[in-house]
Asks: 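Handing you a structure now.
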Amino acid sequence: AALGLAQLENIERKLFAKRSLAKSYELAFADSDSVAFIKEPRNCAGNYWLNTIILHSCDVELQDYILKRLHEDGIFARPVWEPLHQLDPYKAYPRDELIQTESLAPKIINLPSSVRLVS
């Protein structure tokens, strides 16, 4: 409980830092023809726990290139988590068609999101 209370004491500062980082990402990708930064929906206030970009087309080579360049520059980014229904323990279970999930997964890259990235 003490740890949770200590975190809550800094919540406003952390949310401000997260939103500042997200704004930096949004500006960095604003003019891109290949990538879009995923922003919070209108009339919502997200916490930007995770900052994400999405490729405009399903281009695994572009995704790999972006990840490679980021890693070379010391920036750890990763593709989105593999959809659960594609993981071995869950493949045999019934489900609806997940067309959106399957089309989006190869286009998403998660960016560093730590509050420590904002000075």
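Since this is a predicted model, take the numbers as computed values, not measurements. Residue numbers run from 1 in the order of the sequence given.
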Asks: Could you name each residue pair satisfying side-chain hydrogen bond (donor to acceptor under 3.5 Å, both in side chains) that touches residues 40-52, not counting sequence neighbours?
Replies: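 Output for this query lists R19-E40, N51-S113, T52-N110.
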
Asks: Can you see which heavy atom on L55 is nearest to which on P106, and at what distance?
Replies: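 The pair with the smallest heavy-atom distance is CD1-O, 4.4 Å.
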
Asks: Using modelled atom types only, decide if a donor and an acceptor are shared between the side chain of Y25 and the backbone of I38 within a distance under 3.5 Å.
Replies: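 No.
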
Asks: Test question: given the 4.5 Å side-chain rule for I, L, V, M, F, W and Y, name all other residues clustered with L27, or answer none.
Replies: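 Via sub-4.5 Å side-chain contacts, L27 links to none.
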
Asks: What is the distance from atom CG of L62 to atom CG of L67, rounded to the nearest 0.5 Å?
Replies: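 One gets 9.5 Å once the value is rounded to the nearest 0.5 Å.
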
Asks: CD of Q63 to CD1 of I53: how many Å apart, nearest 0.5 Å?
Replies: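 These two atoms lie 9.0 Å from each other.
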
Asks: List, one per line, each side-chain donor-acceptor pair under 3.5 Å for residues 81-93, sequence neighbours excluded.
Replies:
{"unit_1": "H85", "atom_1": "NE2", "unit_2": "E102", "atom_2": "OE2", "d": "2.8"}
{"unit_1": "D88", "atom_1": "OD1", "unit_2": "K91", "atom_2": "NZ", "d": "3.2"}

Asks: Roughly how far, to the nearest 0.5 Å, is CG of L21 from CG of L111?
Replies: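 Reported to 0.5 Å precision, the distance equals 8.5 Å.
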
Asks: Give me the other members of the hydrophobic cluster that L15 sits in, counting Ile, Leu, Val, Met, Phe, Trp and Tyr linked by side-chain heavy atoms under 4.5 Å, directly or via other members.
Replies: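 Direct or chained contacts put L15 with I11.
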
Asks: Looking at CD1 of I108 and OG1 of T101, how far apart are the two atoms once the value is rounded to the nearest 0.5 Å?
Replies: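 If I round to the nearest 0.5 Å, the distance is 9.0 Å.
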
Asks: Under the rule for side-chain contact (heavy atoms from CB on, under 4.5 Å), what residues qualify as partners of S20, not counting sequence neighbours?
Replies: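 Here the qualifying residues are F16, V118.
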
Asks: Can you name the ring pair (Phe, Tyr, Trp, His ring centres under 6.0 Å) partners of H71, sequence neighbours left out?
Replies: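 Result, ring pair (Phe, Tyr, Trp, His ring centres under 6.0 Å) vs H71: F76.
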
Asks: Restricting to non-hydrogen atoms, name the atom on H56 and the atom on V35 that form the minimum distance, rounded to 0.1 Å.
Replies: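 Smallest interatomic distance, heavy atoms only, reads CD2-N, 3.4 Å.
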
Asks: For the hydrophobic clusters of this structure (ILVMFWY residues joined by side-chain heavy atoms under 4.5 Å, transitively), does one cluster hold both F37 and V80?
Replies: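 F37 does not cluster with V80.
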
Asks: Would you name the heavy atoms of P112 and L117 that are closest together and state the gap between them?
Replies: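 Shortest heavy-atom contact: CB-CD1, 3.5 Å.
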
Asks: Can you run down the salt bridge (charged side-chain N to carboxylate O under 4.0 Å, His left out) pairs that involve residues 69-81, sequence neighbours left out, and say none if there aren't any?
Replies: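 Non-adjacent pairs meeting salt bridge (charged side-chain N to carboxylate O under 4.0 Å, His left out): K68-E72, R69-E72.
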
Asks: Taking transitive links into account, so neighbours of neighbours count too, which hydrophobic residues share a cluster with I99 at under 4.5 Å side-chain distance?
Replies: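 Noted: I99 shares its cluster with no other residue.
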
Asks: What pairs of residues pass the salt bridge (charged side-chain N to carboxylate O under 4.0 Å, His left out) test when at least one of them lies in residues 4-15, not counting sequence neighbours?
Replies: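 Counting only pairs at least two positions apart or across chains, no salt bridge (charged side-chain N to carboxylate O under 4.0 Å, His left out) contact touches residues 4-15.
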
Asks: Considering all heavy atoms of both residues, which atom of C58 and which atom of K107 are nearest to each other, and what is their separation?
Replies: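 Shortest heavy-atom separation between C58 and K107 comes out as CA-CG, 3.6 Å.
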
Asks: Looking only at heavy atoms, which two atoms of I109 and A77 are closest? And how far apart?
Replies: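 That closest heavy-atom pairing would be CG2-CB, 4.0 Å.
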
Asks: With S103, which residues qualify under side-chain contact (heavy atoms from CB on, under 4.5 Å), at least two apart?
Replies: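 With neighbours one apart ignored, the set is Q100.
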
